[in-house]
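Have a look at the structure below before the remarks.
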Amino acid sequence: MPIVPGLAPWSDLASRIAKISQTRPDLAARLIVAPQKAVHAYAIFIQRSGIADDELLATTLFDNHPRDLLDQVWPDRSPELFNLLDRINGPVWQVERYHRLDRLLKSRVAESVKNTTRINEATIIFHEQLEKHDVLVTSAVMALEGRIALAKNLGAIITILRKMNVLSSDEVEAASLKKIRKDGLGRWVERRLRRGIAPTVPLPLSLRQITTCSEMVALGRQMKNCLGEVRSLLALVMGDFVFLRMDDDTGPIVVSLAAGPGGIWMINEAQGSVDRWDDMLIDYVQDTLRAAGLDVVGTTMKGAFQRFSWP
């Protein structure tokens with residue numbers, strides 16, 4: 001009885017391969033040297049054909065090219081599937097997983113799948129998730145490096161950027177995302193974030209709201225502080241805080257206000273040109289805003305609570 005070496009790549013089909021090789025010893029030699037895509041093609045044929053007779057199955061495998069076998073049992077498969085079989089990392093699959101790969105090759109993420117050098121279950125899951133997100137997320141596939149969580153986060157950000165009307169056409173943005181590699185996504189988002197405009201709020205005429213990221217960035221450079229950083233720009237365009245510009249003899253002062261209950265405003269932070277972080281600056285800002293007609297307190301509720309010592 002011939003011994004069939006190298007059965008490990010056949011996974012759950014190993015016992016069937018051993019049986020049919022006994023009926024055709026010359027088949028065993030062919031299977032040993034068969035390239036990866038041929039092995040997977042044989043596995044698909046065995047599972048889809050349903051041939052129960054071992055001798056007939058062995059003869060069929062021996063007498064036909066693997067691609068022809070696929071044509072017999074899966075004529076409507078993607079044309080690219082056969083050539084991608086040699087990129088599969090690991091032993092043969094259950095036929096359902098080949099079906100999932102084929103479906104992806106017929107979807108809008110097909111190009112990304114075809115550009116993948118090593119295909120496994122994680123690859124398929126990633127692209128199945130990728131397909132659910134904005135079309136621009138697919139364009140950033142090289143930067144995502146197979147990370148599903150990052151794809152979800154980028155999808156959420158792109159949805160928000162679309163609502164902000166700061167994106168160019170899909171063609172232009174997709175072209176830029178295709179060029180991005182690891183660590184470049186943050187800079188891509190930041191550049192588009194800087195096009196954002198803050199939601200305006202009704203304020204006394206003597207007070208001036210900062211509404212553009214470009215002004216925030218310019219003030220950050222002038223005042224040598226963090227106003228131009230992403231966290232501040234996000235707070236501006238998302239409306240987390242209302243940013244006001246005030247000026248005194250020392251230069252510009254930027255105040256961030258949080259809306260409170262009953263129309264009250266809470267001072268989140270006040271920054272001056274000479275790093276005036278002391279209580280005197282807060283008092284000055286509070287007095288100025290009250291004089292302008294704003295109902296304001298000198299801290300947020302969170303900031304006030306932090307000053308207590310709890311038992």
Side-chain angles (χ1 to χ4, degrees), residues 1-133 135 138 141 144 146 148 151:
M1 182 179 298
I3 298 175
V4 182
L7 288 176
W10 294 96
S11 188
D12 294 341
L13 295 177
S15 59
R16 187 76 194 279
I17 293 298
K19 289 180 181 178
I20 64 176
S21 296
Q22 292 170 15
T23 67
R24 287 288 299 264
D26 49 355
L27 177 62
R30 174 171 292 188
L31 294 179
I32 292 173
V33 298
Q36 181 85 342
K37 60 183 176 182
V39 170
H40 286 283
Y42 290 143
I44 294 170
F45 178 82
I46 293 171
Q47 295 179 78
R48 286 186 64 110
S49 68
I51 297 176
D53 183 86
D54 290 339
E55 185 173 353
L56 174 59
L57 179 60
T59 300
T60 303
L61 294 181
F62 189 85
D63 292 344
N64 292 274
H65 189 278
R67 187 192 293 271
D68 296 333
L69 293 174
L70 280 184
D71 289 338
Q72 292 178 33
V73 296
W74 200 351
D76 60 342
R77 74 182 188 281
S78 168
E80 293 86 0
L81 179 66
F82 181 71
N83 289 329
L84 258 64
L85 294 178
D86 61 359
R87 302 185 196 177
I88 292 177
N89 182 28
V92 300
W93 297 343
Q94 291 293 319
V95 72
E96 290 79 9
R97 191 181 297 176
Y98 294 111
H99 290 167
R100 290 163 62 197
L101 177 59
D102 181 67
R103 192 195 65 77
L104 289 172
L105 288 172
K106 298 172 182 175
S107 72
R108 65 179 179 84
V109 298
E111 197 63 31
S112 174
V113 177
K114 287 185 283 187
N115 289 332
T116 302
T117 56
R118 294 168 65 88
I119 299 174
N120 52 30
E121 174 68 7
T123 305
I124 293 178
I125 292 175
F126 171 72
H127 282 91
E128 287 173 340
Q129 290 293 319
L130 193 65
E131 191 182 9
K132 300 176 182 178
H133 294 296
V135 64
T138 309
V141 66
L144 297 175
I148 294 175

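Here, residue 1 is the first one in the sequence, and each next residue gets the next number.
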Taking the side chain as C-beta and beyond, is there a heavy-atom pair between [X] and [Y] under 4.5 Å?
X: Ile125; Y: Arg100; answer: yes
X: His127; Y: Arg103; answer: no
X: Leu101; Y: Trp93; answer: yes
X: Asn64; Y: Gln72; answer: yes
X: Arg77; Y: Asp71; answer: yes
X: Leu70; Y: Arg67; answer: no
X: Val141; Y: Phe126; answer: yes
X: Thr123; Y: Asn89; answer: no

Distance, nearest 0.5 Å, that separates [atom1] of [X] from [atom2] of [Y]:
X: Arg108; Y: Thr138; atom1: CZ; atom2: OG1; answer: 4.0 Å
X: Leu85; Y: Tyr98; atom1: CG; atom2: OH; answer: 7.0 Å
X: Asp86; Y: Lys37; atom1: CG; atom2: NZ; answer: 5.5 Å
X: Glu111; Y: Leu105; atom1: CD; atom2: CG; answer: 10.5 Å
X: Ile17; Y: Asp12; atom1: CD1; atom2: CG; answer: 12.0 Å

Exercise. Say whether, by atom type as modelled, one donor and one acceptor occur between the side chain of Arg97 and the main chain of Asn120 under 3.5 angstrom.
Key: no
Show me the side-chain donor-acceptor pairs of residues 48-55 shorter than 3.5 Å, one per line, residues at least two apart or across chains.
from  : atom 1 : to    : atom 2 : distance (Å)
Arg48 : NE     : Val73 : O      : 2.9
Arg48 : NH1    : His99 : NE2    : 2.7
Arg48 : NH2    : Val73 : O      : 3.0
Ser49 : OG     : Phe45 : O      : 2.8
Ser49 : OG     : Ile51 : N      : 3.4
Asp53 : OD2    : Glu55 : N      : 3.2
Asp53 : OD2    : Leu56 : N      : 2.7
Asp54 : OD1    : Arg16 : NE     : 2.9
Asp54 : OD1    : Arg16 : NH2    : 3.2

Self-check item: Under-4.0 Å salt bridge between Asp26 and Arg30
Solution: no
Quiz item: Checking side-chain contact (heavy atoms from CB on, under 4.5 Å) for the pair Leu13/Tyr42: CA distance, chi angles, key distance, verdict?
Solution: CA-CA 10 Å; Leu13 295 177; Tyr42 290 143; over 6 Å; no
Quiz prompt | Worked verdict on His40 versus Gln36 for side-chain hydrogen bond (donor to acceptor under 3.5 Å, both in side chains) | solution = CA-CA 6 Å; His40 286 283; Gln36 181 85 342; 3.3 Å; yes
Quiz item: Should we say atom NZ of Lys114 is surrounded by more than 12 heavy atoms from elsewhere, each under 6.0 Å from it?
Solution: yes
